[in-house]
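Being a predicted model, the structure only gives us computed values, none of them experimental. Letters go in sequence order (proteins before strands), and every chain restarts at 1.
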Protein chains: 2
Amino acid sequence: MLGTQSKHVQNVLIIEDQHLMRTILVDELKGALTTCFVQGAANMSQAMDMLETNLFDLVIIDPGLPGFDPRSQSDRLAVVQTIVEMSPNAIHFVITGSDSDEEWRAMQKLGVSAYLAKNHIRPGSMIEVLDDFANEGLSVRFADEAMAPPEFVYSGLTPREQELINWMRQRPEGKSRRQIYEELGHRIGIDPDSAEKYYKRARAKLLKTGILPKGL
Amino acid sequence: MLGTQSKHVQNVLIIEDQHLMRTILVDELKGALTTCFVQGAANMSQAMDMLETNLFDLVIIDPGLPGFDPRSQSDRLAVVQTIVEMSPNAIHFVITGSDSDEEWRAMQKLGVSAYLAKNHIRPGSMIEVLDDFANEGLSVRFADEAMAPPEFVYSGLTPREQELINWMRQRPEGKSRRQIYEELGHRIGIDPDSAEKYYKRARAKLLKTGILPKGL
DNA sequence: TGAAACAGGGACAGTGCTGTCCCTGTTTGA
DNA sequence: TCAAACAGGGACAGCACTGTCCCTGTTTCA
């Protein structure tokens, strides 16, 4: 189950008690794998049910489950150990809100292949994590304070329009909009003209509703 | 800014260090408000920049920010207090991974209107929270172990197909599929025939790829 | 002053999801 | 055995988003 196999994983289980986080992790995995079948469990008993009745290729675990003390290192390790033992043929990733180097080492001894701080997982990151794992057999991401550009979302924009606005907001000083159109068009594989159109339409919409950020 | 106003909020700031959680909160807010402008900040300095240069109607805070000790009650309260003082005209919601009754009381004294445990926020919940707030001036949701039905996602299904599969998986023993079509069609405002079609198409796709759950 | 960058549009085709309506068969249970 | 429930499709229209190509003006700056 190593190597190039990892992107064709079929059966994935995500064990995480926060609904929104679980939902988006399911989506991220769906996006990172070409064809797959992702299931989510919100607590230990649900997870154990599913582990008993299914064979998973990949199990993603947040050890901070309800009924266990999130401060207790032994509780966290016990959760992971139980799950690893119930799915001996699966790959196991751990996702955590509060990471530590010691915990990663302990998890690794239990057979965990990746250890990911929640605040270091961005949309699209799971692809990189799976790549790391395919190449090196493991992937580790500790918490990270690095600046991400602030988000900005207006309810009336389509995804493409949002994308163009976001890129344009990060435009460096000396760069012309045309250069952004060129660059971005190349990056996402569309005509620079189209990129220009999306930006202009987005801008027009924002102007009409009066909420146009400062960088235009 | 009370009452029916709350759904027409325009400017929203979400302060949360976990990228995925922030992303989905932005989306949830975008969905819950008719027209809005949602911004996200990943840490305190970014948040303070934005609070200085913008006027927000609603600020949503996760007090567990990088640079502060998530175990320290005083750190958490200080974060919230600073933000509340910087946006005196805004409504403030607090979202937290580890909730407690005492913390909610302390937050309330700082002027916080809603206190929400992360594991109690489901997709679509923000609408209810805003309703609660509009009616009662506050909204509180402590952590909750109640069973949510396990998720199931297959990468090749459209949203509607997913929805039908998910409803059908929860079908009670004595209920016929036709009854589900009826009920669901009524609930989401489509023809029962259409519901039937979606389910059948979804089922066919799952059969073709070999991953059909047990309940059919 | 002339060229590039800009704002702000229109026309058009393609695609995927939605939703309605209709069809043929097979299985199941009262 | 007869009707309802089921599996598994086809045809078709509407709609939103995408993407390409083209247009007119105005501003900016070398």
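Note on A:Arg178: every side-chain N or O is 4.0 Å or more away from OP1 and OP2 of C:dA4. Taking 4.0 angstrom as the limit, B:Arg177 places a side-chain polar atom (N or O) nearer than this to OP1 or OP2 of D:dA7. The phosphate of C:dT18 has OP1 or OP2 within less than 4.0 Å of a side-chain N or O from B:Thr158. Residue B:Ser194 places none of its side-chain N or O atoms closer than 4.0 Å to OP1 or OP2 of C:dC21. OP1 and OP2 of C:dG8 both lie 4.0 Å or more from every side-chain N or O belonging to A:Arg201.
Per the geometry, OH belonging to B:Tyr198 stands 19 Å off C1' belonging to D:dA7, to the nearest Å. Per the geometry, CZ belonging to B:Arg160 stands 16 Å off P belonging to D:dC15, to the nearest Å. D:dG14 atom P lies 17 Å from atom CG of B:Asp191, rounded to whole Å. For B:Glu196 and C:dT24, the CD to P distance is 15 Å, given to the nearest whole Å. Following rounding to the nearest Å, B:Arg171 (CZ) and D:dA5 (P) show an atom-to-atom distance of 12 Å. Rounded to a whole Å, the CG atom of B:Leu164 is 14 Å from the C1' atom of C:dC17. Nucleotide D:dA5 holds its C1' atom 9 Å from the OH atom of B:Tyr181, rounded to whole Å. What separates CG of B:Asp193 from P of C:dC23 is a distance of 12 Å, to the nearest Å.
Positionally, the nearest nucleotide of DNA chain D for A:Glu161 lies more toward the 5' end than for the other of A:Lys200 and A:Glu161. Toward the 5' end of DNA chain C, the nearer of the two residues B:Gly189 and B:Lys205, judged by each one's closest nucleotide, is B:Lys205.
For A:Arg169 and A:Phe152, the positive end sits near the middle of the six-membered ring, less than 6.0 Å away and at most 45° from its axis.
Between the side chain of A:Lys197 and the base of C:dG8, no donor-acceptor pair of N or O atoms lies under 3.5 Å.
With salt bridges taken as basic N to acidic carboxylate O contacts below 4.0 Å, none links A:Arg187 and A:Glu163. The residues A:Arg22 and A:Asp62 are annotated as not salt-bridged, no charged nitrogen and carboxylate oxygen being separated by less than 4.0 angstrom.
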Inset, instruction - Please report the C-alpha distance between B:Glu28 and B:Val129 in whole Å, then the side-chain angles of each, then the deciding distance to 0.1 Å, and finally whether the side chain to side chain contact (heavy atoms under 4.5 Å, CB included) criterion is met. - result: CA-CA 11 Å; B:Glu28 285 292 312; B:Val129 171; over 6 Å; no

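Considering B:Val94, B:Ile91, B:Ile15 as possible partners of B:Val59, the one that fulfils the side chain to side chain contact (heavy atoms under 4.5 Å, CB included) test is B:Ile15.
Taking the side chain of B:Ser176 as heavy atoms from C-beta on, and the options C:dC21, C:dC17, D:dA5, the nearest nucleotide is D:dA5.
Within the 4.0 angstrom heavy-atom criterion, only backbone atoms of the sugar-phosphate kind lie near B:Leu207; the bases stay farther away.
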